[in-house]
Amino acid sequence: MTVTAKIEGGKLIITADLETPTPSASGKTLVVASTRGNLRTDVLVEGKPLTIGLNAYIAK
């Protein structure tokens with residue numbers, strides 16, 4: 001999965017590829033995008049790299 005991030009006009013913009021919905025670990029939801037943990041980005045906030053943890057899902 002490709003995740004990109006940028007800051008534009010004081011807003012964080014995250015772009016992530018959508019996946020075929022797959023059951024989450026608990027089986028309660030269907031995951032459509034995930035970083036599968038934390039992802040360090042090239043985006044800097046106060047001179048430090050921004051880390052993103054992303055989970056996008058739908059109800060089963």
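All figures in this text were calculated on a predicted structure; none of them were measured in a lab. Computation of the quantities below employed the complete heavy-atom set of this structure, encompassing side-chain atoms and omitting hydrogens, waters and symmetry-equivalent molecules.
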Exercise. Taking all heavy atoms of N55 and all of S34, pick out the closest pair and write down the distance.
Key: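 Looks like OD1-OG, 2.8 Å.
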Exercise. Return the minimal non-hydrogen interatomic distance between L30 and K60, and the atom names on each side.
Key: CG-CG, 3.8 Å
Self-check item: Check: V31 main-chain N/O paired with S24 side-chain donor or acceptor under 3.5 Å
Solution: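 No; judged by distance alone, with no hydrogens or angles, the pair does not exist.
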Quiz item: Once you round to the nearest 0.5 Å, how far does CD1 of I14 lie from CG of L50?
Solution: 7.5 Å
Quiz item: How many angstroms lie between atom CG of L39 and atom CD1 of I52, to the nearest 0.5 angstrom?
Solution: 6.5 Å
Self-check item: Crowding at CG, D42 (>12 non-hydrogen neighbours, <6.0 Å)
Solution: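 Check fails, neighbour count at 12 or below.
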Quiz item: Quick one: do L18 and L54 end up in the same hydrophobic cluster if we chain Ile, Leu, Val, Met, Phe, Trp and Tyr together by side-chain heavy atoms under 4.5 Å apart?
Solution: no
Quiz prompt | Cationic N near anionic O, under 4.0 Å, E8 to K6 | solution = yes
Practice problem: Among L44, V45, V43, find the one that has a side-chain contact (heavy atoms from CB on, under 4.5 Å) with T41. | Solution: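 Exactly one candidate clears the test, V43.
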